[in-house]
Amino acid sequence: MEVLVTALICFPFLWAILPAVIHNSKRRAFTVYLGCGIVMVLSVFTAIQWYLAGGQTLDFRLPYQEAFGEIFLWGDIFLMCFITYLSYKHNRLIIAFLSIISTVVPTILEKFGPELPAGPTMRFDWLTFIMVLIIGVVGSLIGVYAVGYMHGFHIHHHKEVTDRRSFFLSMIFVFFGAMFGLVTSANLLGLYFFWEITSVTSFLLIGYTRTDEAINNSFKALWMNLLGGCGLAVAISVGIIYFNTANLYTLIAAAVKTPTKMLCLLPIAMLAFAALTKSAQFPFSGWLLGAMVAPTPSSALLHSATMVKAGVYMLIRLSPAMADNYVGNMVALIGGFTFVAASCFAITVSDGKKVLAYSTISNLGLIVACTGCGYEETIWAAVFLVIFHAVSKSMLFQCVGAIETTIGSRDVEDMQGLMSIFPKLAFILMVGIAGMFLAPFGMLISKWAALKAFIDTSSVYVSTLMVMFICFGSATTMFYWTKWMSKILGASKREKSRDLTKKNEYISMFFHAFMMISLILGFPWLSEHVLKPLSNDMFGVVKQVISYENMVIMIVLLCGVFVIPFINYLLTKGQKGKKVITYMGGANAGDNFNFVSATGDPREMDISNFYMEDLMGEKKLFTPAILISSFIIVVYLIIVVGGALQ
Amino acid sequence: MGNRSVVPFGPQHPVLPEPVHLDLVLEDEKVLAAIPSIGFVHRGLESLTSKKDFNEMVYVAERICGICSFMHGMSYCMALEDIMNVEVPRRADYLRTIWGEMSRLHSHLLWLGLLADGFGFESLFMHSWRLREKILDMFEASTGGRVIFSVNTIGGVLKDMPADMLKDFVRQLDEMEKEIRETTAIFLDDYTVKSRLVDIGIISGEDAIRRGAVGPMMRASGINVDMRKNGYGAYNDIDFEVITSNKCDSYARCEVRIGEIFQSIDIIRQCVAKIPDTEINTKVTGMPNGESIIRVEQPRGEAFYHVRANGTKFLDRFRVRTPTFANIPALAQTLQGCQYSDVPLLVLTIDPCISCTER
Amino acid sequence: MGQFLPFSKQVLKNLFSEPATTQYPFVPREYPERTRGHVDIDKDSCILCGMCMRSCPPGAIKVDRAGKTWSINRFDCIQCGYCTEKCPKKCLSITPGYQEPGPEKFVYMVEVPYEPPKPAAKPATPTPSQS
Amino acid sequence: MAKIHKSPWLLHYDGSSCNGCDIEVLACTTPVYDVERFGVINTGNPMHADIFLITGGINSQNEAVVKQIYDQMPQPKVVIAVGTCACTGGIFKECYNIKGGADTVIPVDIYVPGCAARPESIIDGVVKGIGLFKEKAAALAAQSKA
Amino acid sequence: MQELKTDLFLIDKAELLNIIMEKKNALWRLCQICCSYPKAEDHFEITYSFANGQELANYRLIAEREEEVPSISRVYKSAIYYENEMHELWGLHVENIKQDFHDKLYRIDVETPFLEKEEKNDGE
Amino acid sequence: MTIQTRVLFAVLYVVLTPFVIGLLDGFDRKISARMQGRRGPSVLQPFFDLKKLFEKEFLTANKMQLFLIRSYLCFIVLSGIIFFAGFDLLLVIFSLSTAAMFLILASTATHSPFASQGTSRELVQIMACEPMELLVAVGFYLATSTFTVSDIVTKSPVANIRFLPGFFVGFVFILTIKFRKSPFDISTSHHAHQEVIKGVTSEMVGKEYAMVTIAEWYENAILLGIVGLFFVSSNILTVIGAVIAILVVWFLEILIDNTSARVKWQLMLKLAWGTTIVAAGMNLFLLEIIRG
Ligand code: NFV
Ligand code: SF4
Ligand code: SF4
Ligand code: SF4
């Protein structure tokens, strides 16, 4: 096991060198495919190995742990220097400052602070198992997709951007390595190193095109993530100074044992803070939106489908320590608030990628809220959502990217009638959207569990607020997804044209769709054999989250969603109806797309959805949302820090 | 195109009984641009002067519109009387005034109903129209027609109203007044109604003048213009105040028209009290030769009659500029930036009469 | 702000009182005497002068002097009453009761018993009306 | 009291009338005449309508509109021409822009004369239309069975 | 400017815009523009009517058959309907109307129906 | 609840709803007419309408519409079965919103201006109602610690309205939206004409429209059922109270329908959410405090 995990972490880092040095595009593509294949196989193999071995929590040290420790240390320092250099170059000293603080403090403590007991530095348990699978499978599919996409990006669409694909592809591998490291580390120092790597790689990926906007956004991402890094640094320092440990689990255990002691909560709060920044919750959601400038889906989906999961992963880890305390309340409120606010913003934007970005933030908000609650049900729901979200988001991003290549726009309004011109793309899009909000799928089950749990939460205020957040959030979520869906199914204005989507993009997308559907179908199994042991591990109780009865209903609904339309489709196929032009008050010019205008000539009819910018537009509500969420965070942090210092 | 909709509105549309067409550019439901189109009821009846002689034209003029038909007939006759220098008997003037005010009453009640229909208040629509039926009954009893009366003739009117009939009408109007007051109060007080009218479709007095608006549209913007003050018919004997409002919005237009309903009732009462006992028409002979411009206050505002005769029985030019025609530019302005759901309402607040407009 | 549901008083009153609806097709309607329903002819006094035909704005009346018929297309008549005014014999009148709707437009024709006193008793071309 | 139970939904379109007939059509739906007694609803949407009440003599601009609306009504459907204008063109038939009568554009089933057609007369027309509608529906059913 | 009868003045083309501006600045409202073609006189008569309160003022412009008349739609926006109508129904040439419907204000089959009538009558 | 009773209730629901709600609809039209001073149609009119609609020729602008509408109907019935067979209330609401999605897809499939505008408004309506619907389920959970309808009925010793007055007020408020009654009848016009003609149903011809009508009846049955749920307890006699309550609410909706103008969607959204937050939110908060 140790070896496998080490391989999992080290392999991508090493493999990253290959695309960087190979410049022949065919051969480079081959290396990337191969690398992704290996990563996928390796991760699946590791996971299965572990599963077959009985699914016990494994605590272990890496082989050559000391050597790794040194690498981490110097790696941290290298990253710090790198960032300092860049920020000096671009005249953003505040970033250098953040970076230096967050690196220097733990480093000094580690070097010169008290000697820490040598315990296990890694852990592999159910959550790791899931995360490894997500990163391995979804991540490597993204890798496959990226090769084709980036080819199209440079060769066909954006000739003006310098071709730095070698760099891009190798960064993807670096990223995999860091993510694997992140989800397996138990030692905060190791975790911190990987954490910083993800921040920096994402910074580099966002700035890929080197336009002004890209550079600005990349720095935005950087400072927000570094701020989170600072939180992590504080947590490490507190851990080392007060608890004499840098082990995540020790800290969690301490907090679980004495939830009323603020000092114990402090590192948890700091870690949670870091996680909030990483998972792009309000007020730190800006960076994820900014990330959308990166070459369309590849990096965007890296962020939405995988990187943000780092934050969520951390919160799920922490959640037993957050049950019914200040930290938990803070996280839950931020999550709930983000859920509502981001879904409101998602209504007001029409750029497909932006909708996806906001919906990511919003869904993550729901997950975060679940973790903040810290009950078995919510963890169950949170993990469930993580899985669904990863698959469907990755699929959606790829799909929007492919659509952009094909129809030349990623605006939702331009996807009118996609179903009849590019049915394959539309099908994938539909599956993805359905997976995000339709009746028996992921979101719904999680909402169900979350509502139940929040009603039972002990804090009256939090409970009331959270219930409201969820109720309103689910209404707004429904709005933007449905309007998108209805756009796709509408009548099409465009001519059929050639589908420019690459084969490998399709392979990746269909594989996702397949996964999605099997996840949906296999959800009782998943619940029974993965999620239950998971919450059992975390809380030590086995609880049937969803009753047998409801399980049956959900399955009935599920079949309903597929079977009812299908049967009806078959039944109505033979119906003969006379074709008639649509009703336009008698002004139809004869083809449903034009009407007789006021001047007597045909004029093209356009139909667009509601965006409600006056009501809940970014311009109007973004600043208040940031203020409210900052307020929540600041107040709770003051409570915790103040309490700890007393 | 981004998130803009470009959609047609009408010509066939149940909110408006008459065909109106607009090209709308919407953002969500906000109207960014609205281009009205007219011509769905354009019959070209001004050209009938070459086919019908000036006497038959009375009946054509009446059929410009079924709502303000009486006044069209009357103004046409007034124009020809002016050209031919005919003195109309005083009683005929009074009768014309009474019928004219009854027309205004029925037109305003009709409008109130349509407005209620436009904002989805079905029972209020039904109420207003039920009240209006009584006026129509009065019309039928006095002229024989419900909407087209054919009582005007060049030189006076064709039918007289006996004194007891007039008394009976006044009695009926007294009874109705209470009911009308109850019903119109809803337009002015109800929360949901107000949410649809207040501050919607604002047009300032100056803008109204610049765009040539007339009638209640103008008076609701605080401009005191009423052709009745020119003193045609019996109006120079009647005592009345022009009703204006300074709110400039849809609510003000509603307010002004409601005020005019009661004003009309009052004018009818005064007329009945003062009506002299003379002939009802004078014999007219000869051919018209000359030109006349007549302005009459229709329910919807000032109607502008321009008649030019050349000494034969076929007129040279018969031109009607109806109030709705004059109000369309003002309407186009109020439509800018309103909500989609306000579109029919704003169209209704000018009290459109397309058949008048397009003749 | 305005009042909430101020109309409910009247609405409830209506609910419990007799509706205003007439029972029309089941109970026939009574018309006031002046109602202009349709044009009737007193065929005995008609002299087939054709005045009505020439004055009718939509041209609904046809007078056939040779065939001795007077006919009216009631689907074309606009009940303006101009013919009744113009008729020298005042044999036309406009009376309550309207033409039944139906699937076909038809012409109502009466034979006029009038005997012209002598041929060419009338001028061949009528002078313009009302000079 | 005999009842006429059916549910013919009306569509009313003003094909260049003077308005007089239109307001009388509307008056039919209001309390005093209340055609809803026969299940009549004024829908305003051709897709749902059974009876097409057309007023006015149809001008050139309206011709296409009237045809289009007529085509959008599903069978069985009945067209009623309301008012003298819609029957023959009436006083406007000599105008340069009037086609003259609704039957110049679409087949008309019932003519309701009158200027303006009285509500009673319109009700009679509608009741006749309902009868015709029944027949047409039966014919359609027979046809679809065959 | 020459007074024809009460409130009716004959003006020529050069005066038109001045008068219009004057009226506009004094906040008069445009009542109507009427075009006619009296058989006997064989030219267009275009009558512009303005009102202020109860006051009325009419100005008449004489134009030959093919003569171009300046548009006042840039001063009085509401004039577009009148001017388009004159152009469409009478065939009067109005120079650059602010919003030209190009004979589609009323979509009629007959071209300039009012003038054709005149011609027919002339021929009789 | 035994499986037999569940099946029985479900079957009763499927079979009786069209008759009961159809009749209520007929009375609704009659009462509305009387309120407007008219005589109104026969109470059986809704059935005549349906019959006629099914007999009409089938015209279509887009073939897809029919199967989407059928799916809509099936889903509504399915949700009703879940409700009346006594399963989870929250799932009923979720599946209702899934059903609504089919309606929306059906109406946009045609690319018609009025249907599309109506659809957008329909979406706003759903968005306006959904929080309150979910909160009703939450309320019942707070009062009875279960989402399951059968348990809510059998386990509550007294009618839950005692604990949930705020929820009830909020729910009755959004019922006006759900029943498509006047102040909020903005996406389809059941009454007096409006700018989007028939909105969502503009393009639905004959049997399509009939199916939508039936689906609405089935949905109304569920909603009225939820109203009843506030009033029933384990005591069987409370059913009478529930029926009376349903009738009163139903009459109230008719009254509101006849005494208000249609408002704009912005105001509707604000009012609906405002009421939800104030009425249901306060009640929720108080209940939470009581529960500790
Ligand atoms: N009042 C009036 Fe007319 C006239 N003239 C107007 O636009 O209604 Ni038919
Ligand atoms: S009433 Fe009028 S339309 Fe009828 S026949 Fe007499 S003149 Fe002709
Ligand atoms: S005008 Fe009188 S008399 Fe002469 S034909 Fe006609 S009906 Fe007969
Ligand atoms: S028949 Fe008479 S009332 Fe009816 S539209 Fe024609 S002119 Fe008007």
Does F:Thr176 have any side chain to side chain donor-acceptor pair (under 3.5 Å) partners at least two apart in sequence or in another chain, and if so, which?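 Partners of F:Thr176 under the side chain to side chain donor-acceptor pair (under 3.5 Å) test: F:Glu253.
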Partners passing salt bridge (charged side-chain N to carboxylate O under 4.0 Å, His left out) against B:Glu18 (at least two apart in sequence or in another chain):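 B:Glu18 satisfies salt bridge (charged side-chain N to carboxylate O under 4.0 Å, His left out) with no residue once adjacent residues are dropped.
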Interatomic spacing from CG in B:Leu345 to CD in F:Glu195 - rounded to 0.5 Å: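 The CD atom of F:Glu195 is 7.5 Å from CG of B:Leu345, to the nearest 0.5 Å.
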4.5 Å side-chain heavy-atom contact, [X] and [Y]:
X        : Y        : result
F:Arg38  : B:Arg130 : no
F:Thr259 : B:Ser123 : no
B:Pro8   : F:Pro113 : yes
B:His13  : F:Phe114 : yes

Which answer fits F:Ser260, side chain, backbone, both or neither, if we ask what part of it has an atom under 4.5 Å from a heavy atom of chain B?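 Both backbone and side chain of F:Ser260 come within 4.5 Å of chain B.
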Using heavy-atom distances under 4.5 Å, tell me whether F:Asp185 contacts chain B through its side chain, its backbone, both, or neither.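 Interface part for F:Asp185: neither.
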In terms of heavy-atom proximity below 4.5 Å to chain F, should [X] be classed as side chain, backbone, both, or neither?
X        : result
B:Val193 : both
B:Pro14  : both
B:Ile200 : side chain
B:Leu16  : neither

Test item: B:Ser341 side-chain N/O and F:Lys264 main-chain N/O as donor-acceptor pair under 3.5 Å: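 Pair absent, no side-chain N/O of B:Ser341 close to backbone of F:Lys264.
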Which pair of non-hydrogen atoms, one from B:Phe121 and one from F:Ala261, has the smallest distance, and what is that distance?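 Result for this residue pair: CD1-N, 3.6 Å.
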Least distance between heavy atoms, B:Arg196 atom then F:Arg262 atom: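 B:Arg196 and F:Arg262 have their closest heavy atoms at NH1-O, 2.6 Å.
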Can the ring centres of F:His193 and B:Phe125 be said to be less than 6.0 Å apart?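 When the ring centroids of F:His193 and B:Phe125 are compared, they turn out to be at least 6.0 Å apart.
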Mind ranking F:Arg121, F:Gln266, F:Gln194, F:Met35 by heavy-atom pairs under 4.5 Å with chain B and telling me who comes out on top?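 If we count pairs closer than 4.5 Å to chain B, F:Arg121 comes out on top.
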